[in-house]
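Okay, structure first, notes after.
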Amino acid sequence: MAETLLDIRGLKTWFKTDDGMVRAVDGVDLRIERGETVGVVGESGCGKTVTARSVLKLIDMPPGRFEDGQILWQGRDLIPLPQDEMNKVRAREIAIVFQEPMTSLNPVYTVGDQIAEVIAQHQKLNKKQALEGAAEMLRLVNIPNPQRRIHDYPHQFSGGMRQRVMIAMALSCRPKLLIADEPTTALDVTIQAQILELMQEMKERFGMAIMLITHAMGVVAETCQRVTVMYAGKVVEEAPVRELFGSPRHPYTQGLIRSIPRVDRAATHKERLEAIPGTVPSLLEPPPGCRFAARCRFVTEVCTRAMPTMKEVSPGHFVRCVL
Amino acid sequence: MSRQYLIRRLLLVIPAMLGISVLLYTVLALAPGDPFSELAANPAVPPEVAQALRTKFGLDDPVWIRYWRWLIAMLHGEWGFSFQSRMDVDRLIMQRLPTTLIVIGAAQLLAILVALPVGVLAGTRPYSIFDQIANTLAFVGFSLPTFFTGLLLILVFSIQLDWLPFVYRADIDATGWRFYWEHIKQSIMPVMVLGLFQGASLVRYVRSSVLDVVRLDYVTTARAKGIGERKVISRHVVRNALIPVVTLVALQMPIVFGGAIVTEQIFRVPGIGSLLISAMLANDTPVIMAVTFVFSCLVVLCNLIADVLYAWLDPRIAFR
């Protein structure tokens with residue numbers, strides 16, 4: 001199982017603004033093996049989404065810019081790739097599902113047309129065959145009456161159903177990697193579980209790898225094999241999922257895990273739900289040293305002097321902390 | 001688009017037209033002067049005769065009776081008689097209308113043909129050199145009133161260069177290709193003046209609408225499909241960006257017709273705009289009423305077309 005699909009090395013995606021360079025992604029390393037589910041967690045604004053969009057080069061440039069690093073897709077760097085080559089990777093090899101199902105579909109075309117558009121593009125089929133394929137995809141994601149539903153417009157679908165349509169669209173060319181950018185955040189809880197279950201089911205059927213971006217630690221625990229924790233544009237910890245929940249090493253990860261609400265504990269102990277104090281620091285000209293230092297309860301003088309390096313604390317478990 | 005939607009929109013036209021005609025008729029009745037007010041001032045006509053004529057034609061009846069008579073006559077296809085031109089109003093209008101429609105239609109077509117590509121290109125490359133040039137020209141274009149650009153064009157192309165005629169003639173005595181060529185030559189300036197004025201503001205609408213749409217999530221979805229930038233723009237940006245533009249074009253139609261009246265006057269185009277002005281000067285009420293009514297019909301028609309286009313572009317509309 002050692003075939004690496006995606007290998008992001010030292011990726012820096014910066015944005016030019018009137019106030020200066022915003023270092024949204026500042027030296028991220030991330031690896032995804034074939035058929036594996038990797039969780040990318042962190043709070044809002046930590047660079048998860050920018051990392052995901054960088055992989056498909058969906059960042060608007062300008063103001064965005066790849067400052068440094070490589071995005072190796074099966075050994076080939078995507079960053080210098082020209083547009084038309086990149087378009088052969090999109091959807092066919094790497095597909096993406098976004099956070100907002102309500103706005104991710106074009107309101108003026110039927111869902112069938114929108115799915116068929118991808119199929120026709122990458123599989124050289126005529127429109128009728130592509131529409132057939134679209135109906136088949138809707139059936140796979142458990143949308144009732146697919147033959148009829150392909151002629152419906154997005155506003156005739158509920159949020160959960162639209163996210164199913166997005167998944168159907170993403171998987172219609174059998175990609176090797178599915179990037180799911182907070183696919184359940186905008187949905188209500190019962191639908192969230194259904195969508196996660198559907199993704200699991202699709203993964204078993206098609207065997208693609210999943211890069212699951214989320215800020216819900218509970219979702220990660222249920223679905224991922226490996227987890228990468230991001231903070232302020234950097235990876236701070238990376239470990240197999242059991243290891244991470246069992247012995248989190250970075251104070252930020254520990255904070256994230258402690259902030260998961262737990263029904264049993266709240267009932268027995270007089271304990272308040274713990275939040276991490278403070279907010280994500282500005283990514284404009286960040287100070288040297290550990291980015292988490294300002295909010296860390298174990299902060300020492302060493303932390304503010306220089307950025308700690310990633311070190312392996314146990315096999316497959318890396319952490320960026322001096323502790 | 002459902003047939004129901006279409007029928008509903010068509011039915012709405014009837015009360016709209018009735019309301020407009022009531023309003024027009026009342027306003028015209030309130031205005032001083034009517035076709036026979038000249039008679040009163042004419043010493044050759046004795047006052048009794050003038051009064052007898054007024055009574056005969058019912059000019060002193062209450063407004064609502066006169067309106068009712070007018071409406072019944074209209075429904076029978078009788079538009080009235082022009083005292084000024086000594087002919088039926090409908091014949092007069094039918095003589096003039098095609099010219100106006102051709103000039104305005106060609107101008108609108110020119111405006112759209114220029115504004116669409118320029119607006120889309122500027123909107124997809126905001127703040128590029130192309131965008132800045134297009135923006136500047138658009139500003140200049142809609143800041144200059146048509147009566148100014150019209151005179152400027154006449155000065156340059158008719159008087160200095162002597163390439164184009166500056167009086168529009170309806171009675172061209174030529175046949176075949178020459179006939180059309182003469183018509184095209186004399187239409188160029190009015191069409192350019194009207195079209196570029198319309199096009200200039202349209203460019204700004206299209207550009208800002210495209211700018212709004214380009215940032216939306218579904219455009220990113222489209223990019224992620226790997227269909228190529230050109231298809232992303234043509235399929236997923238332009239169509240959605242056109243939805244608000246269609247409304248704006250429809251709302252602009254009264255201004256277009258108003259502008260056409262001015263332009264027709266400058267270039268002496270024998271359209272219904274100049275007919276309206278001469279009728280006003282001569283107190284020719286039946287003609288004024290008919291021409292303003294035709295204008296309002298055209299505006300209502302344009303709005304109807306816009307609604308249909310709107311529903312075709314945006315399927316969410318027709319479902320409501």
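Throughout, protein chains are lettered first and strands after them, A, B, ... in sequence-line order, and every chain is numbered starting at 1.
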[options]: which one forms the most heavy-atom pairs within less than 4.5 Å of chain B?
options: A/A170, A/A91, A/A95; result: A/A91
options: A/E100, A/Q83, A/E117, A/K88; result: A/E117
options: A/Q114, A/M102, A/M166; result: A/Q114
options: A/V118, A/T103, A/N106; result: A/N106

Is [X] close to chain A through its backbone or its side chain, or both, or neither, when contacts mean heavy atoms under 4.5 Å?
X: B/L216; answer: neither
X: B/R223; answer: both
X: B/R235; answer: both
X: B/L313; answer: backbone

Tell me whether [X] at atom [atom1] has more than 12 heavy atoms from other residues, nucleotides or ligands lying less than 6.0 Å away.
X: A/F206; atom1: CZ; answer: yes
X: B/M192; atom1: CE; answer: no
X: A/R174; atom1: CZ; answer: yes
X: B/L11; atom1: CG; answer: yes
X: B/F130; atom1: CZ; answer: yes

Below 4.5 Å from any heavy atom of chain B, which atoms of [X] appear? Answer side chain, backbone, both or neither.
X: A/I96; answer: side chain
X: A/R92; answer: neither
X: A/D60; answer: side chain

Worksheet item: What are the two closest non-hydrogen atoms of A/P107 and B/P315, and how far apart are they?
Response: O-CG, 3.6 Å
Practice prompt. Write down the atom of B/T221, the atom of A/S104, and the distance for their closest heavy-atom approach.
Written response: OG1-O, 2.8 Å
Worksheet item: Top residue by heavy-atom pair count (under 4.5 Å) with chain A, among B/A222, B/G226, B/A224?
Response: B/G226
Fill in: Nearest-0.5 Å distance that lies between atom CG in A/L56 and atom NZ in B/K225
14.0 Å
Worksheet item: Is A/F98 close to B/T220 at the side-chain level, that is, under 4.5 Å between some pair of heavy atoms?
Response: yes
